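Please read the structure below before turning to the comments.
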2 protein chains.
Amino acid sequence: MTGKREQNREQNRLALICAVLDSVAEKGISETSVSEIIQRAGLSRGMIHLHFGGKDNLVQAAAHHSSQEYYDGIEALLQTAGDSPQKRIEMIVRGDLSERILNRRNVSIWYAFRGEARNRTAIAEYSDTRDGRLRGMIHNAFSRIVREAGTPDAPGVARDATHGTLALLEGMWTDFLLHPDRFDRDEAARIIFRFLAAMFPAHFALTGAIRPDQGEADAPPVEAPQRRPEGPAA
Amino acid sequence: MTGKREQNREQNRLALICAVLDSVAEKGISETSVSEIIQRAGLSRGMIHLHFGGKDNLVQAAAHHSSQEYYDGIEALLQTAGDSPQKRIEMIVRGDLSERILNRRNVSIWYAFRGEARNRTAIAEYSDTRDGRLRGMIHNAFSRIVREAGTPDAPGVARDATHGTLALLEGMWTDFLLHPDRFDRDEAARIIFRFLAAMFPAHFALTGAIRPDQGEADAPPVEAPQRRPEGPAA
DNA sequence: AGTTTTGATGGACGATTGTCCATTTTTGAT
DNA sequence: ATCAAAAATGGACAATCGTCCATCAAAACT
């Protein structure tokens with residue numbers, strides 16, 4: 001049985017970590033000072049050194065915690081997915097783009113840590129989506145798809161599809177970071193599936209979300225207000 | 001004629017900006033202090049306040065400068081591209097993944113600024129690939145491809161292809177950030193073209209670089225025809 | 001109950017931050 | 001050569017940074 005002592009201890013550790021994440025999400029890493037952290041956590045100054053031995057270690061623990069939360073979220077969603085590989089991929093993609101995982105707070109935290117990742121290897125380790133479980137899940141699913149389709153060069157296609165899908169998801173996150181208000185989750189998912197449908201028509205073409213027909217305006221004729229700076233034929 | 005006075009002035013301004021970028025690339029944003037900057041620039045402490053009115057403005061100017069350099073690089077490459085839209089897209093993709101643009105220094109700088117973008121709107125403005133010229137160039141090319149191919153829902157496809165291509169490029173950059181040593185430019189390009197080839201078989205399937213075969217193997221007969229009908233039963 | 005043990009406190013501390021300005025040096029015009 | 005204007009210098013400055021420890025409070029054990 002956990003004594004009241006250890007219970008409080010763990011509770012305060014967590015409070016510090018959450019305070020760091022809140023501050024990073026809200027004010028950014030450069031403004032996340034010791035004073036800011038302990039004020040948010042409602043604890044005393046010495047706690048950081050007591051529990052983590054210094055601010056750097058605390059920040060690292062916060063990065064680890066955030067990363068863990070991300071993977072837990074993805075895996076929780078995956079367990080509700082069916083068996084078919086295309087369903088699993090669809091679940092991962094939609095999950096990764098869902099409000100529960102892709103939101104302002106998480107994106108702020110994720111990119112703040114990545115910005116420092118280059119110079120703090122300990123943090124880089126946790127901000128890598130590619131390694132770890134996610135890549136394995138996706139690759140596994142694509143391998144099955146490609147195998148049962150009898151595609152030539154199956155391993156290469158599966159590997160490239162995995163790499164490409166992960167890159168697309170990363171790109172969508174960046175999109176959200178830069179334009180959180182104008183970001184459209186359904187559009188993001190649709191684009192990814194459009195690419196996947198082009199590569200694996202038998203597996204993704206009929207998926208409900210590929211075509212924008214749903215509720216979306218049927219191909220707005222003058223959607224793109226982009227100027228075209230050049231180009232022979234206008 | 002520019003007097004020696006103004007000439008020196010401009011030279012020092014630039015020296016400060018470069019010092020910031022060097023420091024950000026090397027040490028990260030959090031360790032880029034005024035002391036660090038003026039030491040790298042070999043100038044005196046007061047210069048920052050003199051020329052930029054404060055450190056924040058200098059950092060912002062550095063972000064602007066870096067962004068400008070990126071676009072200049074892309075546009076320079078584009079001018080050597082041919083007329084055909086697929087050639088232009090290929091040039092953009094390869095250029096964006098080339099050593100000249102995608103390298104450790106640029107990636108470090110780019111992501112360091114992005115990490116702070118959320119809390120510094122002035123910087124966010126410069127760290128956006130999506131707005132600005134790049135998106136317009138790509139969308140313009142895809143529009144032509146889609147139009148001459150007679151694809152149904154042409155505007156939607158062009159828009160999605162643009163969005164997807166940009167997301168893929170972003171994702172590849174993230175890949176490079178996290179694994180600069182194991183990153184493979186050719187593989188990154190191949191994956192992007194594999195996706196594009198799946199979407200526009202007539203335009204990208206025969207492109208020399210889809211296969212990693214090095215020898216280019218001008219359109220291996222086994223490869224190109226088989227890619228499309230993979231769907232129902234291969 | 002008393003005693004030990006451990007977590008928690010908050011201020012002291014030196015180091016470093018960015019800003020600013022009195023001063024010196026350099027440039028361009030007289 | 002002289003002088004006004006502009007640019008560059010480098011140290012003073014208060015504010016803030018993160019670390020650490022003497023002290024206190026409370027839980028756990030005897």
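Being a predicted model, the structure only gives us computed values, none of them experimental. Proteins get letters first, then strands, A, B, ... in listed order; numbering begins at 1 in each.
At whole-Å resolution of the value, CZ in B/F52 and C1' in C/dT19 are 16 Å apart. We find that CD of A/E31 is positioned 12 Å from P of D/dG18, with the value rounded to whole Å. What separates CD of B/Q11 from P of D/dA7 is a distance of 14 Å, to the nearest Å. In this entry the distance linking NZ of A/K55 with C1' of D/dC20 reads 17 Å, nearest Å. Between B/I38 atom CD1 and C/dT19 atom P there is a gap of 13 Å when expressed in whole angstrom units. As rounded to whole Å, 10 Å separates atom C1' of C/dT27 from atom CG of B/N8. Going from atom CD of A/E6 over to atom P of C/dT6 covers 13 Å, rounded to whole Å. In this structure, CD1 of A/I48 is placed 13 Å from C1' of C/dT9, rounded to the nearest angstrom.
Between the A/T174 side chain and the A/E170 main chain, a donor and an acceptor come within less than 3.5 Å of each other. The main-chain N or O of A/H139 is found under 3.5 Å from a side-chain atom of A/S143 such that the two form a donor-acceptor pair.
Residue A/S35 has no polar side-chain atom (N or O) positioned under 4.0 Å from OP1 or OP2 of D/dG18. Residue B/H49 places no side-chain N or O under 4.0 Å from the OP1 or OP2 atom of D/dT9. Listed pair B/H51 / D/dA7 fails the phosphate criterion, with no side-chain N or O lying under 4.0 Å from OP1 or OP2. One finds a side-chain N or O of B/R9 lying less than 4.0 angstrom from the OP1 or OP2 phosphate oxygen of D/dA7.
When distances are taken from the side chain of B/N12 to each of C/dT9, D/dC20, D/dA8, the shortest belongs to D/dA8. When each of C/dG18, D/dA8, C/dA8 is scored by its nearest atom to the side-chain atoms of B/M47, the top-ranked nucleotide is D/dA8. Taking only side-chain atoms of A/R5, from C-beta outward, the nucleotide of C/dT17, D/dA27, D/dC20 with the closest atom is D/dA27. Here the side chain of B/S44 is nearest to one of D/dT9, C/dA12, C/dA8, namely D/dT9. When distances run from any side-chain atom of B/L50 to the nucleotides D/dA7, D/dA12, D/dT19, the shortest one goes to D/dA7. Of the candidates D/dA8, C/dT9, D/dG10, the closest approach to any side-chain atom of A/L43 belongs to C/dT9.
Aromatic pair B/Y70/B/W110: ring centres closer than 6.0 Å.
Near DNA chain C, defined here as any heavy-atom distance below 4.0 Å, there are no residues from residues 17-26 of chain B.
Between B/F195 and A/F195, the ring planes are tilted. Angles from 30° to 60° get that label.
A/E31 and A/S23 share no donor-acceptor pair across their side chains, judged by distance under 3.5 Å alone. Judged purely by distance below 3.5 Å, without hydrogens or angles, the side chains of A/N57 and A/H51 never pair a donor atom with an acceptor atom.
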- Task: Verify side-chain contact (heavy atoms from CB on, under 4.5 Å) between A/R190 and A/R185, making sure each step is shown before the conclusion.
- Result: CA-CA 8 Å; A/R190 188 188 72 226; A/R185 295 173 201 282; over 6 Å; no
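Heavy-atom distances to DNA chain D give each of A/G46 and A/E36 a nearest nucleotide, and the one nearer the 5′ end belongs to A/E36.
The neighbour count for A/R100 CZ, taken as heavy atoms of other residues, nucleotides or ligands under 6.0 Å away, does not exceed 12.
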